[in-house]
Amino acid sequence: MASKKYILEMFPYPSGNIHMGHVRNYVIGDICARYHKLKGDEVIHPMGWDAFGLPAENAAIQFKTHPQDWTLKNIKNMKDQLQKLDLDLDWDRELATCNEDYYKHQQELFIDLYNAGLAYKKDALVNWDPVDQTVLANEQVIDGKGWRTGAAVEKKNLSQWFFKITDYAEELLNDLDNLELWPEKVKTMQKNWIGKSIGAEIKFKIIENDVFLNVFTTRPDTIYGASFIAVSINHPIVKKTLDKKKIENIKNKFSKISHEKDKMGVQIPIHCKHPLMDKKIPVFIANFVLDNYGEGAIFGCPAHDERDYEFAKKYSLPIIKVIECDDDALPYSGDGVLINSPLLNGLNKDDAIKEIIKIFMKEKIGNEKVNYKIRDWGVSRQRYWGCPIPVIYYENGDYRVLDKEELPVILPYDINLKGKGNALINNDEWRKIICQKTNKIAYRETDTLDTFVDSSWYYIRFLNNKLTKPFRKEDINKMLPVDKYIGGIEHAILHLLYSRFFMKALRDIHNLKVNEPFQQLFTQGMITHKTYKTKNEWIMPKDVMLKNGKLMRVDTKEIVTEGPSEKMSKSKKNVIEPGEILENYGIDATRIFMISDSPPDRELEWTDDGIQSSKNLIHRIERYFDQEKNNTDEETERRVERFISDIEKNILAFSLNKCVADIYTLFNYLEKNKIFLYDNILSKKILICLFPILPKLSLSINRKL
RNA sequence: GCGGACGUGGCGGAACUGGUAGACGCGCAGCGUUGAGGUCGCUGUGGGAUUAAAUCCUGUGGAAGUUCGAGUCUUCUCGUCCGCACCA
């Protein structure tokens, strides 16, 4: 039964050269695609280039070239390299995100999102990468550091464009359950990132000025144990209460804390009224309250929360037990019977939560609330080499999102990249325009879109890369979702979450029938290699030789120590160049080694023995088909039939290492029993099975027979 | 701390719904071909007992359980890797 199969590997960033990770990725996908083509399926197997992004700008400055020239040259080079891998790709679908013919459609999608209320501009405290001189999305900040530069991220208040991914938080979370062919690990990571929690929002009245302070909690049942309120240093109430200098002082104090988890707080001169009791509660600025979660404010219940407990101990605040437990069990955050809580006494935790929310609603002091960790996706980047955002600003500060008829906004080629920051700001020739609608002077938006926007819909553009609009509805409904998407796990949150959001947003805007972009996700493992080091530096494996049982450096004869197998990386120099391997071992051996040894989703250790034995297998198969034909028997037929079904089963299950074992098993049997098939019909069957894995070998033998 | 994955020879890894554990490969050992090496061919290779064969014992991190039967199922426990982490 023929059907459509959309096989996709994550498209590469054109950094200059293909590396072994690409080779593994694309060989896995290629085997899949070739298999389905053999089965008569309508296969889409495209390739393109994730071509915008900062490395091009940095390289342009370093090598005195232009980001576009550098990128296009790299694309050409890498395309040559890819074509040497015998990949069956639909090159007529090729696209590069830096081409006008791609990004102009993206500008249209931006307008769609804007019109649907899913793109908006706001002042926000954003993550600023001081090295790359640009804003980063929350997803791009890892351990407080920029994902590319590793530089400590600063907080900056800037006016920025956002995509309203939070509108889809619930659906993005729920639909994970339907993605049965995604790795559990990736789904869990997305689940955690979305971070849904159910609780209550409570309004605390500030006694001094009759304003209300909103607080989010998952434990409203412990409200009678509240003995302080704590807010983040960036909470609006702080600005209203303290002057700038004092705020700066506190910020400084907080930043000087030695242990990250130590608690520190400063009481401010306001108090809240307890919503259910006649009680004054002090308000603190506390270092452990996050400004980007919930309301940026909490009520502290020291008896039943570890952090609140620690804080209360340090500042001698009352610890009021409201859930029955031993005193030495404090802080106790488990379930139990409510005490010291007039309206809740005797209830357990869950019932108390339900009851107290009812009371809050009745008294109009709070309500049930679902809170998500995920924030809206900040897409503005203060960089030149990206998709221009189709927006103009008037001299009075107003802005207008352009109409589709006014597109494209073309990124200017002439640019001076020498200064710091975004070069577009200084390019008045491009920036300053006369607004077609108002005839007023206007300035173009100089921020460009995050490159993750580019990669959020490229799988859609592949369906028809020549269309004068971004896509055709029928194509999407017919060809999406992608059946098998293969790539590295490093995109578990970023790219894969953004793409899911994009698909859903476009579905709602254009009334599409597709909910998810990628039906099956397969995350391939890294390639590792032993590391080698002389006294002072890492050296490449090819510069190491073994002499008298000792490892030494080929040119200087220095003693070399061998380290454990680690992910191939330029810094540790434990890389193997695909070009050299292809030259020395050939495409067939390279392909088969990529899938030998380890299952494709696990690490693959590169070894010289491994690639050599792959080469030996290729020679062995060639030699086998040189032998003169003799008689076969039924057992041989059975063996070949089993081989066929095993290969099919294992390709479909991505158990490609088992395919290699199947090949060995078959040839072991044939050679051991001296059964030579030559041009027997069974040979054809075997060669067809070998074709997806070893296309070149299979074809060349077939020609000979 | 929370969550996920996993634990099988010297190594990478097989074992479909419980049914001969270790397929297949690497490595290693012996022999042969070649004779500089690599390639190539044959044999052996979980551990232990036995001169050897036959044979026996033991064996999937550990402990207990279900079962005629457990690498596989259940409970507990130990360990490794990964992700998130002051998330109220």
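Below, read A as the first sequence line, B as the second, and so on, with proteins coming before strands; counting in each chain starts at 1.
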For nucleotides 18-24 of chain B, list the nitrogen or oxygen atoms of the protein found under 3.5 Å from its nitrogen or oxygen atoms, one pair per line.
none

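- When the C1' atom is used for both rG41(B) and rG35(B), the distance is 15 Å, rounded to whole Å.
- Across the P atoms, rC31(B) and rG19(B) are found 42 Å apart, a figure rounded to whole Å.
- Atom-to-atom, NE2 of H491(A) to P of rG83(B) comes out at 15 Å; the value is rounded to the nearest Å.
- Judged by the 6.0 Å and 45° rule, K263(A) forms a cation-pi pair with F288(A).
- Just one residue in the list W147(A), F501(A), W377(A) forms a ring-ring contact (aromatic ring centres under 6.0 Å, His included) with F452(A), and that residue is W147(A).
- Nearest to the side chain of D609(A), among rC40(B), rC87(B), rC26(B), sits rC26(B).
- In the displayed structure, K542(A) atom NZ is contacted under 6.0 Å by at most 12 heavy atoms of other residues, nucleotides or ligands.
- N650(A) has its CG atom 11 Å from the C1' atom of rC16(B), to the nearest Å.
- The NZ atom of K373(A) sits 10 Å away from the C1' atom of rC2(B) (whole-angstrom rounding).
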Checklist entry - Under the side chain to side chain donor-acceptor pair (under 3.5 Å) criterion, do N371(A) and K196(A) qualify, and how do the steps go? => result CA-CA 6 Å; N371(A) 195 53; K196(A) 179 180 183 176; over 6 Å; no

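- With K685(A) as reference, E641(A) is the one residue of E648(A), E637(A), E641(A) to meet the salt bridge (Lys or Arg N to Asp or Glu O under 4.0 Å) rule.
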Checklist entry - Do Y498(A) and E139(A) pass the side chain to side chain donor-acceptor pair (under 3.5 Å) test, and can you show the C-alpha distance, the side-chain angles, and the key distance before you say yes or no? => result CA-CA 10 Å; Y498(A) 294 146; E139(A) 288 81 359; 2.9 Å; yes

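- Aromatic ring centres of Y585(A) and F593(A) lie farther apart than the 6.0 Å criterion allows.
- Along RNA chain B, the nucleotide nearest S596(A) and the nucleotide nearest G610(A) are compared for position; the residue whose nucleotide lies closer to the 5' end is S596(A).
- For RNA chain B, the residues of residues 307-318 of chain A within the heavy-atom distance limit of 4.0 Å (strictly under) are R307(A), sorted by number.
- Evaluation of atom-type donor-acceptor distances gives a pair under 3.5 Å for the side chain of K263(A) against the base of rC86(B).
- If you check residues 613-622 of chain A against RNA chain B, the residues with a heavy atom closer than 4.0 Å are S613(A), N616(A), listed by number.
- For rG62(B) and rG71(B), the C1' atoms lie 14 Å apart once the distance is rounded to whole Å.
- Residues from residues 211-229 of chain A that place a heavy atom under 4.0 Å from any atom of RNA chain B, listed by number: F216(A), T217(A), T218(A), R219(A).
- Heavy atoms of other residues, nucleotides or ligands lying less than 6.0 angstrom from NZ of K674(A) number 12 at most.
- A straight line from CG of N287(A) to P of rC87(B) spans 12 Å, rounded to a whole angstrom.
- Rounded to whole angstrom, the span from the CD1 atom of I611(A) across to the P atom of rG12(B) amounts to 20 Å.
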Checklist entry - When you look at Y293(A) and S197(A), which way does the side chain to side chain donor-acceptor pair (under 3.5 Å) test go after all the steps? => result CA-CA 11 Å; Y293(A) 184 76; S197(A) 52; 2.8 Å; yes

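- When the shell of 6.0 Å around NZ of K273(A) is examined, it contains more than 12 heavy atoms from other residues, nucleotides or ligands.
- A distance of about 15 Å separates the C1' atoms of rU80(B) and rU8(B), rounded to the whole Å.
- Distance check on atom C1': rU39(B) versus rA23(B) gives 26 Å, rounded to whole Å.
- Taking the O4'-C1'-N9-C4 or O4'-C1'-N1-C2 dihedral as appropriate, rG9(B) has a value within 90° of 0 and is therefore syn.
- Here rA88(B) presents its C1' atom at 17 Å from CZ of F284(A), a figure rounded to the nearest Å.
- Each of V215(A), N367(A), N214(A) was checked for a side-chain contact (heavy atoms from CB on, under 4.5 Å) with K203(A), and the lone residue meeting it is N214(A).
- Each of E603(A) and K649(A) was assigned the nucleotide of RNA chain B with the nearest heavy atom; the assignment lying further toward the 5' end belongs to E603(A).
- R639(A) has a carboxylate O that lies under 4.0 Å from a charged side-chain N of E635(A), or vice versa, which qualifies the two as a salt bridge.
- One C1' atom belongs to rA63(B), the other to rA70(B), and the distance between them is 15 Å to the nearest Å.
- The separation of rG46(B) from rA52(B), taken at their P atoms, amounts to 16 Å, rounded to a whole angstrom.
- Environment of NZ in K354(A): sparse, with no more than 12 heavy atoms of neighbouring residues, nucleotides or ligands closer than 6.0 Å.
- Salt bridge status for D262(A) with K314(A): absent, with no side-chain N to carboxylate O gap under 4.0 Å.
- The number of heavy-atom neighbours closer than 6.0 Å to NZ of K567(A), taken from other residues, nucleotides and ligands shown, is 12 or below.
- Taking a 6.0 Å sphere around CE of M361(A), one finds it holds 12 or fewer heavy atoms contributed by other residues, nucleotides or ligands.
- The environment of CD in E671(A) is crowded: more than 12 heavy-atom neighbours from other residues, nucleotides or ligands sit within 6.0 Å.
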Next on the checklist: Checking E490(A) against H495(A) for the side chain to side chain contact (heavy atoms under 4.5 Å, CB included) test, could you report, in this order, the C-alpha distance in whole Å, the side-chain angles of both residues, the deciding distance, and whether it holds?
Outcome noted: CA-CA 9 Å; E490(A) 65 273 17; H495(A) 162 58; over 6 Å; no

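- Side-chain proximity of E184(A) to the nucleotides rG4(B), rG41(B), rA88(B) is greatest for rG4(B).
- K530(A) places its NZ atom 11 Å from the C1' atom of rG27(B), with the value rounded to the nearest Å.
- Residue-environment remark: NZ (K279(A)) exceeds the threshold of 12 foreign heavy atoms within 6.0 Å.
- When rounded to the nearest whole Å, the span between CG of L494(A) and C1' of rG83(B) equals 13 Å.
- Taking the charged nitrogens against the carboxylate oxygens, E171(A) and R500(A) have no contact shorter than 4.0 Å, which rules out a salt bridge.
- When base pairs are accepted only as Watson-Crick or G-U wobble with both N-N or N-O distances under 3.5 Å, RNA chain B takes part in stems of 3 or more pairs at B:1-7 with B:78-84, B:10-12 with B:24-26, B:27-32 with B:40-45, B:46-49 with B:55-58, B:61-65 with B:73-77.
- In this structure, Y315(A) has its ring center no closer than 6.0 Å to that of F228(A).
- No engagement by P183(A) is indicated, since no non-hydrogen atom pair under 4.0 Å with the nucleic acid exists.
- Separating the P atom of rA15(B) from that of rG4(B) is a span of 24 Å, rounded to the nearest Å.
- Near RNA chain B, meaning a heavy atom under 4.0 Å away, the residues from residues 185-200 of chain A are K185(A), T188(A), M189(A), S197(A).
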